[in-house]
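Below: one structure, written as structure tokens.
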2 protein chains.
Amino acid sequence: MTTPTRTPDPAGTDADTEPLRTTEDFLRLDQQICFSLNAASRAFGGVYRVVLKDLGLTYPQYLVMLVLWEHGELPVKKLGEHLRLDSGTLSPLLKRLEATGLVRRERSALDERSVVVRPTDEGRALRERALAVPRRIAAATGFDLDEIRELRARLDKLTAALDEADLESG
Amino acid sequence: MTTPTRTPDPAGTDADTEPLRTTEDFLRLDQQICFSLNAASRAFGGVYRVVLKDLGLTYPQYLVMLVLWEHGELPVKKLGEHLRLDSGTLSPLLKRLEATGLVRRERSALDERSVVVRPTDEGRALRERALAVPRRIAAATGFDLDEIRELRARLDKLTAALDEADLESG
DNA sequence: CGTCACTGGATTGTGCACAACTGAATTGTG
DNA sequence: CACAATTCAGTTGTGCACAATCCAGTGACG
């Protein structure tokens with residue numbers, strides 16, 4: 001309560017004064033990181049929500065369409081690998097996209113276990129209107145291309161590290 | 001994905017060669033950004049899920065407890081301002097925290113509209129065990145403190161820009 | 001052929017996020 | 001005082017994320 005922030009003083013090596021207080025600072029710093037990432041993700045979601053409303057898409061649905069626009073057609077499994085999403089998330093999402101007429105889902109003839117998702121003509125046509133989206137998003141961030149690239153690189157590095165972490169050590 | 005990166009060549013002003021390709025690249029780049037942020041957020045969530053399982057907390061519940069540990073007690077409104085969450089998210093979340101005995105909720109005597117949330121003894125005791133969390137998270141990221149601070153600053157700047165954006169211009 | 005292990009997708013259940021709405025309490029104004 | 005506007009929680013409905021589970025189809029083996 002009312003912790004006087006006590007920045008860790010990077011220059012001073014006074015590890016003998018109060019090392020325990022540092023643990024408290026870690027907890028505060030930790031708060032900052034998860035807060036920041038969480039808030040940034042939701043703020044992004046909010047902007048996308050507004051921009052994508054015209055297209056009738058949610059943010060995750062837009063991500064699915066981006067992948068389909070780039071790859072043409074994919075089984076659900078491959079789609080999930082691109083998006084890092086499992087069938088529990090994708091199945092209902094794809095059904096909604098099918099209900100709005102943007103994609104079709106059909107069992108593969110070669111492997112009856114697999115369901116292939118492909119954009120309909122309407123889904124492909126939507127791409128033209130979606131071309132306006134990135135510029136609006138970029139404008140909302142106020143970042144230039146180099147900043148965006150830099151941030152993306154750091155986030156990818158972070159994601160890779162988090163995926164690699166085994167967490168076995170308590 | 002074997003993207004040849006096609007950096008927009010900031011020096012060259014060859015707008016005559018292929019200006020259309022640039023729009024396509026924007027869409028691809030945009031994909032990268034939202035992908036990256038989305039993936040990083042969920043990867044973080046996954047790590048927190050594992051680490052927090054011992055404490056019996058979800059990631060957002062942990063965020064709530066962090067705020068309560070720091071501020072002692074808060075009305076729901078203030079809590080929402082700290083976390084950027086509205087009552088539709090907080091009300092059921094706080095009920096679950098109350099059901100597990102970590103917080104208590106009671107109407108303010110001064111303003112009957114307001115509900116004050118305060119940690120119970122058990123909730124305050126949980127803080128001791130939570131002190132181990134930040135170190136495990138930091139270890140999972142593989143980032144040092146400077147990298148974390150840098151990334152946090154960029155994310156906060158991004159969030160602020162996204163919140164400020166009016167988006168009125170189509 | 002029978003059966004066993006594996007794979008891909010769907011389903012179920014829990015929880016988060018947010019828009020829209022409801023309703024009670026409070027405040028402002030005549 | 002009466003009454004309109006505002007504030008604060010809560011509720012409802014929709015959609016995303018993920019763990020756990022189920023089941024049909026597949027392929028290997030005897």
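Note on naming: letters A, B, ... go to the chains in the order of the sequence lines (proteins, then strands), and numbering restarts at 1 for each one.
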| query | Among A:Lys78, A:Arg107, A:Arg104, A:Glu73, which residue meets the side chain to side chain contact (heavy atoms under 4.5 Å, CB included) test with A:Val116? | reply |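 Of A:Lys78, A:Arg107, A:Arg104, A:Glu73, side chain to side chain contact (heavy atoms under 4.5 Å, CB included) with A:Val116 is met by A:Glu73 alone.
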To the nearest angstrom, how far is [X] atom [atom1] from [N] atom [atom2]?
X	N	atom1	atom2	value
B:Leu52	C:dG15	CG	P	15 Å
B:Leu90	D:dC8	CG	C1'	12 Å
B:Asp111	D:dA9	CG	C1'	11 Å
B:Leu110	D:dC8	CG	P	14 Å
B:Glu81	D:dC8	CD	C1'	11 Å

| said: Tell me the closest heavy-atom pair linking A:Leu151 and B:Leu151, and the distance in Å. | reply: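 That would be CD1-CD1, 3.7 Å.
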| task | Taking all heavy atoms of A:Leu37 and all of B:Ala40, pick out the closest pair and write down the distance. | result |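 Heavy atoms only, the tightest pair is CD2-O, 3.8 Å.
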| message | Across nucleotides 17-23 of chain C, 5' to 3', mark each nucleotide with B, S or - according to how protein heavy atoms within less than 4.0 Å reach it. | response | BBB----
| Heavy atom of residues 72-80 of chain A under 4.0 Å from DNA chain D: which residues? |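 By residue number: none to list.
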| said: Could you go through B:Glu98 and B:Arg105, starting from their C-alpha distance and side-chain angles, then the distance that decides it, and tell me whether this counts as salt bridge (charged side-chain N to carboxylate O under 4.0 Å, His left out)? | reply: CA-CA 7 Å; B:Glu98 188 173 39; B:Arg105 301 179 308 133; 3.0 Å; yes
| field | Cationic N near anionic O, under 4.0 Å, B:Arg118 to B:Glu106 | value |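 Answer for the salt bridge query: yes.
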| request: Could you pick out which residue, A:Pro92 or A:Ala109, lies toward the 5' side of DNA chain D when each is mapped onto its nearest nucleotide? | output: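 The residue mapped nearer the 5' terminus is A:Pro92.
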| What's the spacing between B:Asn38 CG and A:Leu155 CG if we round to 0.5 Å? |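 It is 11.0 Å, given to the nearest 0.5 Å.
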| Which of the following nucleotides, C:dA25, C:dT11, D:dG15, is nearest to the side chain of B:Glu112? |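 Output: C:dA25.
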| task | Begin with the C-alpha distance, continue with both residues' side-chain angles, and end with the deciding distance and a verdict on salt bridge (charged side-chain N to carboxylate O under 4.0 Å, His left out) for A:Glu147 and B:Arg154. | result | CA-CA 9 Å; A:Glu147 279 181 301; B:Arg154 286 171 190 266; 5.4 Å; no
| request: Test for a donor-acceptor pair under 3.5 Å between the base of D:dT26 and the side chain of A:Arg113, counting only N and O atoms. | output: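 Absent.
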| Angle class for the B:Tyr62/B:Tyr48 ring planes (parallel below 30°, perpendicular above 60°, tilted otherwise)? |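 Answer is tilted, since the angle falls between 30° and 60°.
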